[in-house]
K.L.:
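Mind having a look at this structure? Questions to follow.
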2 protein chains.
Amino acid sequence: MIVRQAANVLEIMEFFAQTRKPATLAEIADHFGWPRSSTFNLLATLSEKGYLYEPRPRAGFYPTPRWLAMARLISEVEPLPQWTHQLIADLSAETGETASIVAPAGVMAVFIDVVESQAAIRYFATIGHRVPIHATASGRALLLQYSQEERDSVYRKIEFRQYGPSTPISIEAVETELRNSIARGYCQSFADYSRDLAGAAIPLPIGDRRLSVVVAGPEFRIGPKIAEVAALIARTVDRLRPKAAA
Amino acid sequence: MIVRQAANVLEIMEFFAQTRKPATLAEIADHFGWPRSSTFNLLATLSEKGYLYEPRPRAGFYPTPRWLAMARLISEVEPLPQWTHQLIADLSAETGETASIVAPAGVMAVFIDVVESQAAIRYFATIGHRVPIHATASGRALLLQYSQEERDSVYRKIEFRQYGPSTPISIEAVETELRNSIARGYCQSFADYSRDLAGAAIPLPIGDRRLSVVVAGPEFRIGPKIAEVAALIARTVDRLRPKAAA
DNA sequence: GAAAAATGTACATATATGTGAATTTATCTG
DNA sequence: CAGATAAATTCACATATATGTACATTTTTC
């Protein structure tokens, strides 16, 4: 079950992140199609807690810097090492596609850092974006780092759905694909989950964290050169990863 | 009316900002005394939206970097000029007390930047902290920048309460205190709102934004030297504020 | 290695909560 | 400067929602 008012808080924040200017109660209510009274309660709650204020009298609400302060505290812990951002920046620059660092989240994989392609037609992904762990290159690069028991435990919770023509729709299909990936030296996906989308990924263990790097883009651009892209990822990791650490 | 689940989202994030490590459903539920099932729904919602993930399998949830990405976008707009942070940093260093930049939010004043005192006994304030606009030095330094009509409009919404012995409990009392502040050259408060707390503040208009700077600390430390502190604030603003801007 | 304890998940139901309509307050406009 | 228009609040009530209970799964204990 989705907690509506919790989701609404996030939507409001995303709204401000997009518009980047103060908004009045009426504007917000209209934008979301929420009743004024409900919007009023929400804004009042956020204000009361110190997360919203009125920069100028009657010019509307805007988030306080408290969000930033809190987010900084949270992200200080286990920050990604510098070089991982460099990694996806380089990969995106060289391939012209979108590159990301991905982490596990139950049966899903979450994008925790993203550098987007500059191409007009491109894979649009943002930090926080989630995809099924078994039906994507990046996800499978995570699964490769699990023990058999851990993988089994994940499989039990997966709801296998035919997202695309090549989606693996059984545990066996996923395990087979994992074995293929090992043989191949990298993970790949051709529209397993998103239409027209292809990607190459490799595992990226950092300390005891299980991450992966993925480069993804439209099938017609990535498809022909997927092996090259995979090799480039591996080379770039080798180049940037500090030698001392595992 | 307070929107409970909206507040809960904030509480969870604050919880993570404090503990700075992943927490399991059970830990979170116990910490807040929430039912497991409700906690489950909340965490599921936040995860689904891409704001929570599981860094390591079964080691609990933690916020994704999406919070940071969003907060950065939001705060890029109208960032405080560099020198205002320098201002409160210098003031805090020189006085040994807590210094803050404050903005209006209806009948309240919000702390939008804070440098805390290092003293063992100190004014504990964080970004986002809110205090009544009429019963604090910082708030009155904001009111001084309002027109009479704007002030009247604020007064109408204030619920006058006797927070401390010297809290102004009528419009007239506030107006009188404002006139005194002008004569005095700065705003002050002696436990008007918080017990044992005293502070000196002056208006700090930046562009068309109405802000104020305040230095606050325990009455016994600040009290005797309040005039000096106020003078120091004024001098420091003069020193740091770019000459060109108003 | 089996049993116990702890944790995570699903669902029906009573109730806390969101909302439509009414009221107050502010802002245009001629 | 009225009178009109729009925005912000308030409030009682029906309904969407949080939770108690039951069940499944995982981890720990002995």
Side-chain angles (χ1 to χ4, degrees), chain A residues 1-12 22-48 52-54 56-62 104-108 146-159 171, chain B residues 1-12 22-49 52-62 104-108 146-159 171:
Chain A
M1 170 190 285
I2 229 179
V3 181
R4 186 117 73 89
Q5 292 293 29
N8 287 351
V9 170
L10 303 175
E11 304 245 310
I12 285 201
T24 63
L25 187 154
E27 283 165 357
I28 297 173
D30 292 350
H31 177 265
F32 290 107
W34 296 339
R36 295 256 162 117
S37 48
S38 316
T39 309
F40 174 76
N41 289 334
L42 236 193
L43 294 181
T45 302
L46 291 177
S47 299
E48 197 131 319
L52 238 43
Y53 76 122
E54 295 155 70
R56 283 165 262 277
R58 54 192 41 287
F61 295 87
Y62 199 73
V107 300
M108 305 296 270
Y146 285 37
S147 70
Q148 187 64 54
E149 292 77 44
E150 290 174 315
R151 274 211 298 278
D152 287 341
S153 150
V154 169
Y155 291 151
R156 244 169 280 133
K157 297 183 188 162
I158 291 179
E159 212 191 323
I171 295 178
Chain B
M1 169 190 285
I2 229 179
V3 181
R4 187 114 71 87
Q5 293 294 30
N8 289 351
V9 169
L10 304 174
E11 303 245 309
I12 286 201
T24 62
L25 188 154
E27 283 166 357
I28 297 173
D30 292 351
H31 179 264
F32 290 106
W34 295 339
R36 293 265 162 103
S37 48
S38 315
T39 308
F40 174 75
N41 289 334
L42 235 193
L43 294 182
T45 302
L46 291 177
S47 300
E48 198 133 319
K49 285 238 145 203
L52 239 43
Y53 76 122
E54 295 155 69
R56 283 165 261 276
R58 71 172 37 75
F61 295 86
Y62 200 73
V107 299
M108 305 295 271
Y146 284 37
S147 70
Q148 187 64 54
E149 292 78 43
E150 289 172 316
R151 275 211 297 278
D152 288 340
S153 150
V154 169
Y155 292 151
R156 245 169 277 132
K157 297 184 188 161
I158 291 179
E159 212 190 322
I171 294 180

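Below, read A as the first sequence line, B as the second, and so on, with proteins coming before strands; counting in each chain starts at 1. All values below come from the heavy atoms of this structure, side chains included, with hydrogens, waters and symmetry mates left out.
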K.L.:
Return the minimal non-hydrogen interatomic distance between B:A105 and A:Y53, and the atom names on each side.
P.N.:
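Smallest heavy-atom distance, with atoms named: CB-CB, 3.7 Å.
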
K.L.:
Polar atoms only, N or O, under 3.5 Å: list the protein pairs with nucleotides 10-16 of chain C and their distances.
P.N.:
none

K.L.:
Send over the distance from B:F61 CZ to C:dT9 C1', rounded to a whole Å.
P.N.:
12 Å

K.L.:
Which atoms form the tightest heavy-atom contact between B:L25 and B:L43, and what is the distance?
P.N.:
CA-CD1, 3.8 Å

K.L.:
Tell me, do A:W34 and A:N8 make a side-chain contact under 4.5 Å, heavy atoms counted?
P.N.:
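Result yes, sub-4.5 Å side-chain heavy-atom pair found.
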
K.L.:
Side chain of A:T24 only, please: which of D:dA8, D:dG20, C:dG8 is the nearest?
P.N.:
D:dA8

K.L.:
Between C:dG18, D:dG20, C:dG8, which nucleotide gets closest to the side-chain atoms of B:P35?
P.N.:
D:dG20

K.L.:
How many whole angstroms separate atom CZ of A:R36 from atom P of C:dT23?
P.N.:
18 Å

K.L.:
Whole Å only: how far is the CG atom of A:N8 from the P atom of C:dT17?
P.N.:
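Going from A:N8 (CG) to C:dT17 (P), I get 15 Å.
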
K.L.:
Ignoring hydrogens and angles, tell me if any N or O in the side chain of B:T45 forms a donor-acceptor pair with the backbone of B:N41 under 3.5 Å.
P.N.:
yes

K.L.:
Can you check the A:E54 CD to D:dA7 P distance for me, whole Å?
P.N.:
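Checked: the CD to P distance equals 16 Å.
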
K.L.:
Pick out the pairs of N or O atoms, protein on one side and nucleotides 25-29 of chain D on the other, that lie under 3.5 Å.
P.N.:
| residue | atom | partner | partner atom | Å |
| --- | --- | --- | --- | --- |
| D:dT26 | OP1 | A:R156 | NH1 | 2.7 |
| D:dT26 | OP2 | A:R156 | NH1 | 2.8 |
| D:dT26 | O3' | B:R58 | NE | 3.2 |
| D:dT27 | OP1 | B:R58 | NE | 2.2 |
| D:dT27 | OP1 | B:R58 | NH1 | 3.3 |

K.L.:
Can you work out whether A:A26 or A:V3 has the more 5'-proximal nearest nucleotide on DNA chain D?
P.N.:
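It is A:A26 whose nearest nucleotide is closer to the 5' end.
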
K.L.:
In this structure, how many angstroms lie between the P atom of C:dT19 and the CG atom of A:L25, rounded?
P.N.:
13 Å

K.L.:
Whole angstroms only, please: what is the CG-P distance between A:D30 and D:dA7?
P.N.:
8 Å

K.L.:
Would you say A:Q5's side chain and B:A6's backbone share a donor-acceptor pair under 3.5 angstrom?
P.N.:
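It does not hold such a pair.
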
K.L.:
Taking only side-chain N and O atoms of A:Q5, does any of them lie within less than 4.0 angstrom of OP1 or OP2 on C:dG18?
P.N.:
yes

K.L.:
On a heavy-atom basis, which atom in A:Y62 and which in A:P22 lie closest, and how many Å separate them?
P.N.:
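Shortest heavy-atom separation between A:Y62 and A:P22 comes out as CD1-N, 3.5 Å.
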
K.L.:
Contact between A:E11 and B:K49 at the side-chain level, heavy atoms closer than 4.5 Å - yes or no?
P.N.:
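They are in side-chain contact.
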
K.L.:
If you take all heavy atoms of A:G106 and B:E54, which pair is closest and at what distance?
P.N.:
N-OE2, 3.3 Å

K.L.:
Taking the side chain as every heavy atom from C-beta outward, state whether B:F40 and B:R36 have any pair of such atoms under 4.5 Å apart.
P.N.:
no

